[in-house]
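Below is one structure, written out as C-alpha coordinates, with a few remarks after it.
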Amino acid sequence: MNIEEKIQLIEEGTLEVIDTEELKEVLAKKEPIAYTGYEPSGKIHLGHAVTVQKLKQLQKLGFKIKILLADYHAFLNGKGTIEEIAETAEYNKKCFQALGLDEKTEYIYGSSFQLEPDYTDKVYQLATMTTLKRARRSMDQVSRADDNPKVASVIYPIMQTVDMAALKVDIALGGMEQRKIQMLARENLEKIGENVPICIHTPLLHGLDGDAKMSSSKGNYIAVDDSIKDITKKINKSYCPQGEIKGNPMIEIAETFVYPNEEKLLIKRPEKFGGDIELTHDELIKEFSEGNLHPMDLKNGIKDFLIEFFAPVREYMEEN
Ligand SMILES: Nc1ncnc2c1ncn2[C@@H]1O[C@H](COP(=O)(O)OP(=O)(O)OP(=O)(O)O)[C@@H](O)[C@H]1O
(Lines give C-alpha, C1' and ligand atoms only; values in the text may rest on other atoms or scores of the structure.)
Protein backbone atom coordinates (compact mmCIF):
# COMPACT_ATOMS: atom_id res chain seq x y z
CA MET A 1 0.00 0.00 0.00
CA ASN A 2 1.46 3.40 -0.89
CA ILE A 3 1.35 6.46 1.36
CA GLU A 4 -1.63 8.04 -0.41
CA GLU A 5 -3.66 4.86 0.06
CA LYS A 6 -2.71 4.69 3.71
CA ILE A 7 -3.79 8.30 4.24
CA GLN A 8 -7.11 7.60 2.57
CA LEU A 9 -7.69 4.65 4.89
CA ILE A 10 -6.74 6.64 7.97
CA GLU A 11 -9.11 9.45 6.99
CA GLU A 12 -12.06 7.10 6.56
CA GLY A 13 -14.66 7.53 9.28
CA THR A 14 -12.88 10.55 10.81
CA LEU A 15 -14.01 14.16 10.96
CA GLU A 16 -10.53 15.60 10.58
CA VAL A 17 -6.85 14.82 10.38
CA ILE A 18 -4.59 17.71 11.33
CA ASP A 19 -2.77 17.64 9.15
CA THR A 20 -2.30 15.33 6.21
CA GLU A 21 1.04 16.79 5.10
CA GLU A 22 2.53 15.97 8.50
CA LEU A 23 0.91 12.55 8.34
CA LYS A 24 2.95 11.79 5.24
CA GLU A 25 6.15 12.35 7.21
CA VAL A 26 4.95 10.20 10.09
CA LEU A 27 4.04 7.37 7.73
CA ALA A 28 7.60 7.33 6.50
CA LYS A 29 8.86 6.57 10.04
CA LYS A 30 9.75 3.03 11.16
CA GLU A 31 7.27 2.39 13.95
CA PRO A 32 5.29 5.57 14.60
CA ILE A 33 3.26 5.81 17.80
CA ALA A 34 -0.48 6.47 18.06
CA TYR A 35 -2.34 6.91 21.34
CA THR A 36 -5.76 7.51 22.82
CA GLY A 37 -6.42 8.24 26.47
CA TYR A 38 -9.48 6.99 28.31
CA GLU A 39 -10.62 8.04 31.74
CA PRO A 40 -11.35 4.72 33.40
CA SER A 41 -15.12 4.56 33.56
CA GLY A 42 -17.65 1.92 34.49
CA LYS A 43 -18.08 0.45 31.07
CA ILE A 44 -16.34 0.49 27.71
CA HIS A 45 -19.14 1.17 25.30
CA LEU A 46 -19.77 1.52 21.57
CA GLY A 47 -18.67 5.16 21.72
CA HIS A 48 -15.25 4.17 23.00
CA ALA A 49 -15.15 1.41 20.39
CA VAL A 50 -15.16 4.06 17.65
CA THR A 51 -11.64 5.11 18.62
CA VAL A 52 -10.59 1.51 19.31
CA GLN A 53 -11.56 0.55 15.74
CA LYS A 54 -9.37 3.34 14.42
CA LEU A 55 -6.48 2.26 16.68
CA LYS A 56 -6.81 -1.30 15.36
CA GLN A 57 -6.60 0.00 11.83
CA LEU A 58 -3.51 2.07 12.69
CA GLN A 59 -1.98 -1.01 14.29
CA LYS A 60 -2.45 -2.94 11.04
CA LEU A 61 -0.73 -0.09 9.22
CA GLY A 62 2.37 -0.55 11.39
CA PHE A 63 1.76 1.90 14.23
CA LYS A 64 2.71 1.12 17.79
CA ILE A 65 -0.43 1.62 19.88
CA LYS A 66 -0.40 3.10 23.34
CA ILE A 67 -3.58 3.17 25.39
CA LEU A 68 -3.46 5.59 28.25
CA LEU A 69 -5.54 4.52 31.23
CA ALA A 70 -5.88 8.08 32.42
CA ASP A 71 -6.40 7.47 36.12
CA TYR A 72 -5.21 10.86 37.36
CA HIS A 73 -7.33 12.58 34.73
CA ALA A 74 -10.38 10.69 35.94
CA PHE A 75 -9.46 11.70 39.48
CA LEU A 76 -9.13 15.37 38.48
CA ASN A 77 -12.49 15.08 36.73
CA GLY A 78 -14.18 13.89 39.92
CA LYS A 79 -14.71 10.27 38.88
CA GLY A 80 -13.73 8.77 42.26
CA THR A 81 -10.79 8.04 44.52
CA ILE A 82 -7.53 6.89 42.94
CA GLU A 83 -8.13 3.39 44.41
CA GLU A 84 -11.63 3.13 42.93
CA ILE A 85 -10.36 4.35 39.59
CA ALA A 86 -7.47 1.82 39.63
CA GLU A 87 -9.96 -1.02 39.92
CA THR A 88 -12.04 0.25 37.01
CA ALA A 89 -8.88 0.74 34.95
CA GLU A 90 -7.96 -2.95 35.27
CA TYR A 91 -11.41 -3.94 34.07
CA ASN A 92 -11.28 -1.44 31.19
CA LYS A 93 -7.89 -2.79 30.14
CA LYS A 94 -9.42 -6.24 29.82
CA CYS A 95 -12.21 -4.80 27.67
CA PHE A 96 -9.67 -3.19 25.31
CA GLN A 97 -7.78 -6.46 25.04
CA ALA A 98 -11.06 -8.24 24.32
CA LEU A 99 -11.74 -5.80 21.49
CA GLY A 100 -8.87 -7.34 19.59
CA LEU A 101 -5.96 -4.95 19.86
CA ASP A 102 -2.89 -7.17 19.49
CA GLU A 103 -0.44 -8.23 22.23
CA LYS A 104 2.03 -5.52 21.26
CA THR A 105 -0.40 -2.84 22.48
CA GLU A 106 0.97 -0.94 25.46
CA TYR A 107 -1.41 -0.11 28.31
CA ILE A 108 -0.05 2.71 30.40
CA TYR A 109 -1.42 4.06 33.63
CA GLY A 110 -1.23 7.83 33.86
CA SER A 111 -0.03 7.58 37.44
CA SER A 112 2.96 5.49 36.32
CA PHE A 113 4.66 8.55 34.79
CA GLN A 114 2.66 11.65 35.67
CA LEU A 115 4.45 12.15 39.00
CA GLU A 116 7.94 12.17 37.52
CA PRO A 117 10.04 15.37 37.91
CA ASP A 118 10.48 15.88 34.17
CA TYR A 119 6.72 15.55 33.61
CA THR A 120 5.93 17.95 36.45
CA ASP A 121 8.48 20.43 35.15
CA LYS A 122 6.70 20.51 31.77
CA VAL A 123 3.32 20.95 33.46
CA TYR A 124 4.67 23.98 35.36
CA GLN A 125 6.23 25.44 32.21
CA LEU A 126 2.93 25.17 30.36
CA ALA A 127 1.02 26.55 33.33
CA THR A 128 2.93 29.82 32.85
CA MET A 129 2.09 29.93 29.13
CA THR A 130 -1.58 28.99 29.12
CA THR A 131 -4.34 31.44 29.97
CA LEU A 132 -7.02 30.35 32.39
CA LYS A 133 -9.60 31.27 29.81
CA ARG A 134 -8.12 29.01 27.14
CA ALA A 135 -7.59 26.09 29.51
CA ARG A 136 -11.16 26.38 30.80
CA ARG A 137 -12.59 26.63 27.31
CA SER A 138 -10.73 23.54 26.17
CA MET A 139 -12.62 21.58 28.81
CA ASP A 140 -16.08 22.66 27.61
CA GLN A 141 -17.21 19.23 26.52
CA VAL A 142 -14.86 17.14 28.61
CA SER A 143 -15.56 18.07 32.22
CA ARG A 144 -18.90 17.88 33.92
CA ALA A 145 -20.86 21.14 34.06
CA ASP A 146 -19.83 22.91 37.26
CA ASP A 147 -20.86 26.37 38.45
CA ASN A 148 -17.80 26.52 40.60
CA PRO A 149 -14.99 24.80 38.65
CA LYS A 150 -11.92 23.54 40.49
CA VAL A 151 -8.26 24.24 39.69
CA ALA A 152 -8.17 20.54 38.68
CA SER A 153 -10.13 21.37 35.56
CA VAL A 154 -7.37 23.59 34.19
CA ILE A 155 -4.53 21.28 35.19
CA TYR A 156 -6.31 18.54 33.21
CA PRO A 157 -5.72 19.87 29.66
CA ILE A 158 -2.14 20.83 30.49
CA MET A 159 -1.47 17.28 31.66
CA GLN A 160 -3.14 15.85 28.57
CA THR A 161 -0.69 17.94 26.56
CA VAL A 162 2.35 16.75 28.48
CA ASP A 163 1.15 13.13 28.10
CA MET A 164 1.71 13.46 24.36
CA ALA A 165 5.34 14.45 24.94
CA ALA A 166 5.93 11.86 27.66
CA LEU A 167 4.50 9.05 25.55
CA LYS A 168 6.34 10.34 22.46
CA VAL A 169 3.25 10.13 20.31
CA ASP A 170 3.10 10.84 16.59
CA ILE A 171 -0.69 10.64 16.45
CA ALA A 172 -3.14 11.72 19.15
CA LEU A 173 -6.54 10.20 18.45
CA GLY A 174 -9.77 11.18 20.16
CA GLY A 175 -13.43 11.92 19.71
CA MET A 176 -14.44 15.36 18.47
CA GLU A 177 -15.04 16.70 21.99
CA GLN A 178 -11.28 16.42 22.60
CA ARG A 179 -10.59 18.89 19.81
CA LYS A 180 -10.04 22.03 21.89
CA ILE A 181 -7.60 20.26 24.21
CA GLN A 182 -5.77 18.73 21.28
CA MET A 183 -5.46 22.06 19.46
CA LEU A 184 -4.15 23.68 22.63
CA ALA A 185 -1.67 20.81 22.90
CA ARG A 186 -0.41 21.36 19.36
CA GLU A 187 0.30 25.04 20.09
CA ASN A 188 1.76 24.43 23.52
CA LEU A 189 4.05 21.55 22.62
CA GLU A 190 5.65 23.67 19.97
CA LYS A 191 6.29 26.42 22.54
CA ILE A 192 8.28 24.05 24.75
CA GLY A 193 10.17 22.52 21.85
CA GLU A 194 8.41 19.15 21.88
CA ASN A 195 7.23 17.13 18.91
CA VAL A 196 3.79 18.25 17.69
CA PRO A 197 1.58 15.23 17.07
CA ILE A 198 -0.98 14.82 14.34
CA CYS A 199 -4.49 15.05 15.75
CA ILE A 200 -7.25 12.80 14.48
CA HIS A 201 -10.83 13.34 15.56
CA THR A 202 -13.64 10.83 15.19
CA PRO A 203 -17.38 11.54 15.37
CA LEU A 204 -19.33 11.14 18.59
CA LEU A 205 -21.88 8.38 18.69
CA HIS A 206 -25.31 9.46 19.93
CA GLY A 207 -26.73 7.78 23.02
CA LEU A 208 -29.44 5.14 22.66
CA ASP A 209 -31.84 7.75 24.03
CA GLY A 210 -30.95 10.16 21.21
CA ASP A 211 -28.71 12.29 23.43
CA ALA A 212 -25.77 13.88 21.62
CA LYS A 213 -23.26 11.52 23.29
CA MET A 214 -23.30 7.91 24.35
CA SER A 215 -21.82 8.02 27.82
CA SER A 216 -21.39 5.66 30.73
CA SER A 217 -22.54 8.28 33.20
CA LYS A 218 -25.81 8.81 31.32
CA GLY A 219 -26.61 5.10 31.09
CA ASN A 220 -27.54 5.44 27.42
CA TYR A 221 -24.97 2.99 26.08
CA ILE A 222 -24.36 -0.52 24.89
CA ALA A 223 -21.25 -1.89 26.55
CA VAL A 224 -18.92 -3.97 24.44
CA ASP A 225 -19.36 -6.83 26.92
CA ASP A 226 -23.13 -6.51 27.41
CA SER A 227 -25.03 -9.81 27.51
CA ILE A 228 -27.30 -10.83 24.64
CA LYS A 229 -30.25 -10.14 26.91
CA ASP A 230 -29.05 -6.60 27.70
CA ILE A 231 -28.26 -5.79 24.07
CA THR A 232 -31.74 -6.93 23.09
CA LYS A 233 -33.47 -5.00 25.85
CA LYS A 234 -31.50 -1.81 25.20
CA ILE A 235 -31.95 -1.88 21.43
CA ASN A 236 -35.68 -2.60 21.72
CA LYS A 237 -36.31 0.53 23.71
CA SER A 238 -33.82 2.77 21.91
CA TYR A 239 -34.62 6.00 20.11
CA CYS A 240 -35.18 5.33 16.40
CA PRO A 241 -37.68 7.79 14.93
CA GLN A 242 -39.36 6.55 11.78
CA GLY A 243 -37.75 7.90 8.61
CA GLU A 244 -35.11 9.99 10.43
CA ILE A 245 -31.48 9.51 9.52
CA LYS A 246 -29.74 12.34 11.31
CA GLY A 247 -29.01 11.74 14.97
CA ASN A 248 -30.58 8.28 14.79
CA PRO A 249 -28.33 5.99 16.87
CA MET A 250 -29.39 2.87 14.90
CA ILE A 251 -28.29 4.44 11.62
CA GLU A 252 -25.06 5.60 13.25
CA ILE A 253 -24.32 2.13 14.58
CA ALA A 254 -24.89 0.76 11.09
CA GLU A 255 -22.53 3.34 9.59
CA THR A 256 -19.87 2.96 12.26
CA PHE A 257 -19.82 -0.78 12.87
CA VAL A 258 -21.79 -2.64 10.21
CA TYR A 259 -20.69 -1.14 6.90
CA PRO A 260 -16.97 -0.83 7.58
CA ASN A 261 -17.08 -4.60 8.17
CA GLU A 262 -19.90 -5.95 5.99
CA GLU A 263 -21.23 -4.98 2.60
CA LYS A 264 -24.84 -5.58 3.63
CA LEU A 265 -26.94 -5.57 6.77
CA LEU A 266 -29.19 -8.59 7.12
CA ILE A 267 -32.65 -7.82 8.48
CA LYS A 268 -34.80 -10.78 9.38
CA ARG A 269 -38.55 -10.25 9.02
CA PRO A 270 -41.55 -12.55 9.08
CA GLU A 271 -42.92 -13.35 5.59
CA LYS A 272 -46.04 -11.27 6.24
CA PHE A 273 -43.85 -8.16 6.67
CA GLY A 274 -41.89 -8.78 3.50
CA GLY A 275 -39.45 -11.50 4.57
CA ASP A 276 -35.70 -11.18 5.17
CA ILE A 277 -33.79 -8.44 3.37
CA GLU A 278 -30.15 -7.52 2.97
CA LEU A 279 -29.37 -3.84 2.50
CA THR A 280 -26.26 -1.98 1.41
CA HIS A 281 -25.60 1.36 3.10
CA ASP A 282 -27.26 3.36 0.32
CA GLU A 283 -30.26 1.03 0.25
CA LEU A 284 -30.67 1.27 4.01
CA ILE A 285 -30.66 5.07 3.93
CA LYS A 286 -33.15 5.14 1.06
CA GLU A 287 -35.53 2.53 2.46
CA PHE A 288 -35.51 3.96 5.95
CA SER A 289 -35.88 7.61 4.97
CA GLU A 290 -38.73 6.77 2.58
CA GLY A 291 -40.54 4.92 5.36
CA ASN A 292 -40.31 1.51 3.67
CA LEU A 293 -38.33 0.03 6.53
CA HIS A 294 -39.96 -0.06 9.94
CA PRO A 295 -37.86 1.10 12.94
CA MET A 296 -38.50 -2.22 14.68
CA ASP A 297 -37.05 -4.10 11.70
CA LEU A 298 -33.99 -1.86 11.61
CA LYS A 299 -33.52 -2.39 15.35
CA ASN A 300 -33.72 -6.15 14.87
CA GLY A 301 -31.05 -6.08 12.18
CA ILE A 302 -28.75 -3.94 14.34
CA LYS A 303 -29.38 -6.12 17.39
CA ASP A 304 -28.51 -9.33 15.51
CA PHE A 305 -25.39 -7.71 14.09
CA LEU A 306 -24.16 -6.42 17.46
CA ILE A 307 -24.81 -9.74 19.19
CA GLU A 308 -22.59 -11.47 16.66
CA PHE A 309 -20.00 -8.70 16.30
CA PHE A 310 -19.30 -8.54 20.03
CA ALA A 311 -19.47 -12.31 20.66
CA PRO A 312 -15.64 -12.59 20.80
CA VAL A 313 -15.57 -9.83 23.43
CA ARG A 314 -18.09 -11.65 25.64
CA GLU A 315 -16.12 -14.88 25.24
CA TYR A 316 -12.82 -13.21 26.10
CA MET A 317 -14.31 -11.57 29.18
CA GLU A 318 -15.67 -14.89 30.39
CA GLU A 319 -12.44 -16.76 29.84
CA ASN A 320 -10.01 -14.21 31.30
N1 LIG B 1 -20.19 8.50 22.53
C2 LIG B 1 -18.95 8.51 22.06
N3 LIG B 1 -18.75 8.46 20.72
C4 LIG B 1 -17.49 8.46 20.21
N5 LIG B 1 -16.38 8.52 20.97
C6 LIG B 1 -16.52 8.57 22.31
C7 LIG B 1 -17.81 8.55 22.93
N8 LIG B 1 -17.63 8.57 24.28
C9 LIG B 1 -16.30 8.63 24.50
N10 LIG B 1 -15.63 8.63 23.32
C11 LIG B 1 -14.18 8.76 23.11
O12 LIG B 1 -13.46 7.91 23.96
C13 LIG B 1 -12.26 8.56 24.41
C14 LIG B 1 -12.16 8.50 25.89
O15 LIG B 1 -13.28 9.02 26.48
P16 LIG B 1 -13.55 8.83 28.01
O17 LIG B 1 -13.85 7.47 28.40
O18 LIG B 1 -12.50 9.44 28.81
O19 LIG B 1 -14.85 9.65 27.89
P20 LIG B 1 -16.04 9.94 28.64
O21 LIG B 1 -16.66 10.99 27.84
O22 LIG B 1 -15.66 10.23 30.06
O23 LIG B 1 -16.89 8.61 28.54
P24 LIG B 1 -18.07 8.28 29.50
O25 LIG B 1 -18.86 9.53 29.69
O26 LIG B 1 -18.82 7.23 28.80
O27 LIG B 1 -17.41 7.77 30.76
C28 LIG B 1 -12.34 9.99 23.89
O29 LIG B 1 -11.51 10.10 22.77
C30 LIG B 1 -13.77 10.15 23.52
O31 LIG B 1 -13.95 11.04 22.46
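Counting convention: from 1, in listed order, for ligands and their atoms alike.
- Tyr107 and Glu90 share no donor-acceptor pair across their side chains, judged by distance under 3.5 Å alone.
- The environment of Glu16 atom CD is dense: over 12 non-hydrogen atoms of other residues, nucleotides or ligands sit within 6.0 angstrom.
- Side chains of Lys56 and Gln53: a donor-acceptor N/O pair is absent below 3.5 angstrom, by distance only.
- Side chain to side chain, Asn188 and Thr130 meet the donor-acceptor criterion of an N or O pair below 3.5 Å.
- Scanning both residues, Leu208 and Lys234, for their nearest heavy atoms gives CD1-CB, 3.8 Å.
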Using a cut-off of under 3.5 Å, which N/O atoms of ligand 1 pair up with protein N/O atoms, and what distance separates each pair?
from: ligand 1; atom 1: 1 (N); to: Leu205; atom 2: O; distance (Å): 3.1
from: ligand 1; atom 1: 1 (N); to: Met214; atom 2: N; distance (Å): 3.2
from: ligand 1; atom 1: 1 (N); to: Met214; atom 2: O; distance (Å): 2.9
from: ligand 1; atom 1: 3 (N); to: Leu205; atom 2: N; distance (Å): 2.8
from: ligand 1; atom 1: 5 (N); to: Gly47; atom 2: O; distance (Å): 3.1
from: ligand 1; atom 1: 17 (O); to: His48; atom 2: NE2; distance (Å): 2.8
from: ligand 1; atom 1: 18 (O); to: Glu39; atom 2: N; distance (Å): 2.9
from: ligand 1; atom 1: 21 (O); to: Lys213; atom 2: NZ; distance (Å): 2.3
from: ligand 1; atom 1: 22 (O); to: Lys79; atom 2: NZ; distance (Å): 3.3
from: ligand 1; atom 1: 23 (O); to: His48; atom 2: NE2; distance (Å): 3.4
from: ligand 1; atom 1: 25 (O); to: Ser215; atom 2: OG; distance (Å): 2.8
from: ligand 1; atom 1: 26 (O); to: His45; atom 2: NE2; distance (Å): 2.7
from: ligand 1; atom 1: 26 (O); to: Ser216; atom 2: N; distance (Å): 2.5
from: ligand 1; atom 1: 26 (O); to: Ser216; atom 2: OG; distance (Å): 2.9
from: ligand 1; atom 1: 27 (O); to: Ser41; atom 2: OG; distance (Å): 3.4
from: ligand 1; atom 1: 27 (O); to: Ser216; atom 2: OG; distance (Å): 2.6
from: ligand 1; atom 1: 29 (O); to: Gly175; atom 2: N; distance (Å): 3.0
from: ligand 1; atom 1: 31 (O); to: Gly175; atom 2: N; distance (Å): 2.9
from: ligand 1; atom 1: 31 (O); to: Glu177; atom 2: OE1; distance (Å): 2.8
from: ligand 1; atom 1: 31 (O); to: Glu177; atom 2: OE2; distance (Å): 2.9

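- Note: Tyr156 and His73 have perpendicular aromatic rings, judged against thresholds of 30 and 60 degrees for the angle between ring planes.
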